[in-house]
There are 2 protein chains.
Amino acid sequence: MQERPTPPARGPITADTLVVAAARLFRQRGYSATTTRQLSEVVGLQRASLYHHIRTKEDLLFEICVRSLNNIISAVRASVGDAAHPDRLPALIDTHLQLALQDQDMHATMLIELNQLSPTRRATIVAMRSEYETIIRDEIRAGQKARRLRQDLSARHLTLALLNLLNWTIFWYREDSAETPRELAQMLTTLYLHGAAAAGVDS
Amino acid sequence: MQERPTPPARGPITADTLVVAAARLFRQRGYSATTTRQLSEVVGLQRASLYHHIRTKEDLLFEICVRSLNNIISAVRASVGDAAHPDRLPALIDTHLQLALQDQDMHATMLIELNQLSPTRRATIVAMRSEYETIIRDEIRAGQKARRLRQDLSARHLTLALLNLLNWTIFWYREDSAETPRELAQMLTTLYLHGAAAAGVDS
DNA sequence: GTCTATATTAGGATAGAC
DNA sequence: GTCTATCCTAATATAGAC
């Protein structure tokens, strides 16, 4: 009797199921415009049943932000720790893109919907983001000290510009595209380090 | 009797007043989470009175998107047309940042809230965005043909990367900061063209 | 752990007086 | 051109049976 547009039935439903489904919806329609109705339809539950797994809709957003940042922070820490010094920045770029493209929905949501959180929770996420930025800035500072990176631009600017380049790529990258995340990482590494000007051109 | 948090009283209220106020709110709280109540409070009208100036809340979002894109398209077209060939890309970057930072609220809203529009209106805005991208890509292609820009990276990638760099800067630029938009433009031009690596470093 | 039924609040928008 | 009053719909969340 009820319209059931593709009920998932992918095993038992847990809080995790909801987080993943919510990330997809939040990314497509925005956090605020996504309703518990839509979420319940997607996972194949009645609205009320959602509240057995979560307390509020905001919990889902918070969990998405925490999870995406935790994942990328630990992955980037590990890959940077493993690499030899001159390869650290390329490794960082590669890992960032792998993670962000793997968890596209969660990352996009975290970047865009952060300020829909309550002040306390927003503060938590903002702190995690600056923790991540610090990892990158430290790496860039080290590069500047070792004279691998230019010193006429501030570490702050070099960091923010790199984050622009990396973070917002998920908004135009399509999974069905010919290029792999790794190829994209190589391309962006080349561009970030050496620029778009042809070799030997001074402008 | 009524709480009136800083009523504006900046001359007569027009549709334009609402667009500007809405851009500010949409940017701070998101389009969907912004209510007509909040808008009416900010401009100092009753809720019903808004509808003398606009038809729907979505009209405001649409107007914001159209206006920000029209402004930047015509400004960039003009500045690129004026400049001599090797200076065109720097001029483009400078003009883009001037405009986007001047109209921060409208630009941020346009970038983030585009998909809250109805399908028809969204299509209009998407078309305007690709028109803008085409201007940039054409400029980059010309640079590649003249061998000022590297040819081992596709014009598409060079364009998208430049847009990453330019568009998302408005999310961390603060008006009270020491640097002017022009200084920021010079910094990003240097970085985009020549990269973050120290001169003479091959990695 | 999921359901039906519902409480409660607030949303966008309209009617019609002044 | 702005107001008061209100319509109608839908939102998040809860109560309590199964």
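A note on names: the letters A, B, ... follow the listed sequences, proteins ahead of strands, and every chain is numbered from 1.
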N or O in side chain of [X] less than 4.0 angstrom from [N] OP1/OP2:
{"X": "T36(B)", "N": "dG12(C)", "value": "yes"}
{"X": "R47(B)", "N": "dA13(C)", "value": "no"}
{"X": "Y51(A)", "N": "dT14(D)", "value": "no"}
{"X": "R55(B)", "N": "dA13(C)", "value": "no"}
{"X": "H53(A)", "N": "dT2(C)", "value": "yes"}

Nearest-Å distance for atom pair [atom1]/[atom2], residues [X] and [N]:
{"X": "H52(B)", "N": "dG12(C)", "atom1": "NE2", "atom2": "P", "result": "20 Å"}
{"X": "K57(A)", "N": "dA10(D)", "atom1": "NZ", "atom2": "P", "result": "15 Å"}
{"X": "L50(A)", "N": "dT12(D)", "atom1": "CG", "atom2": "C1'", "result": "11 Å"}
{"X": "E41(B)", "N": "dA10(C)", "atom1": "CD", "atom2": "C1'", "result": "14 Å"}
{"X": "L60(B)", "N": "dA13(C)", "atom1": "CG", "atom2": "P", "result": "10 Å"}
{"X": "D59(A)", "N": "dT12(D)", "atom1": "CG", "atom2": "C1'", "result": "13 Å"}
{"X": "Q46(B)", "N": "dT14(C)", "atom1": "CD", "atom2": "C1'", "result": "15 Å"}
{"X": "L39(A)", "N": "dA11(D)", "atom1": "CG", "atom2": "P", "result": "13 Å"}

(Q) If we check side-chain contact (heavy atoms from CB on, under 4.5 Å) with N167(B), which of these qualifies: L165(B), N164(B), L163(B), I170(B)? (A)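 Result for side-chain contact (heavy atoms from CB on, under 4.5 Å) with N167(B): L163(B).
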Q: Have a look at S32(A) and say if it touches a base, only the backbone sugar-phosphate, or nothing, with a 4.0 Å heavy-atom cut-off.
A: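 Since no nucleic acid heavy atom lies under 4.0 Å of S32(A), the category is nothing.
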Q) NA contact type, T14(B), heavy-atom cut-off 4.0 Å: base, sugar-phosphate, or nothing? A)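 Result for T14(B) = nothing.
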Which nucleotide, [options], lies nearest any side-chain atom of [X]?
{"X": "T56(A)", "options": "dT2(C), dA13(D), dG11(C)", "value": "dA13(D)"}
{"X": "T35(B)", "options": "dG1(D), dG1(C), dG12(C)", "value": "dG12(C)"}
{"X": "A48(A)", "options": "dT2(D), dC3(C), dA11(D)", "value": "dC3(C)"}

Q. Can you check whether A100(B)'s main-chain N or O pairs, donor with acceptor, with D103(B)'s side chain at less than 3.5 Å?
A.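 No: the side chain of D103(B) does not pair with the backbone of A100(B).
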Q.
Please check this pair: side chain of Q116(B) against backbone of R29(A), looking for a donor-acceptor N/O pair closer than 3.5 Å.
A.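 Here the side-chain-to-backbone pair exists.
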Q) Just checking, K57(B) and Y31(B): is the charged tip under 6.0 Å from the six-membered ring centre and within 45° of the axis? A)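 The answer is yes, since K57(B) meets both limits relative to Y31(B).
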Q) Is it true that R174(A) and D176(A) make a salt bridge, defined as a side-chain N closer than 4.0 Å to a carboxylate O? A)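 Here R174(A) does not pair with D176(A) in a salt bridge, since their nearest N and O are not under 4.0 Å apart.
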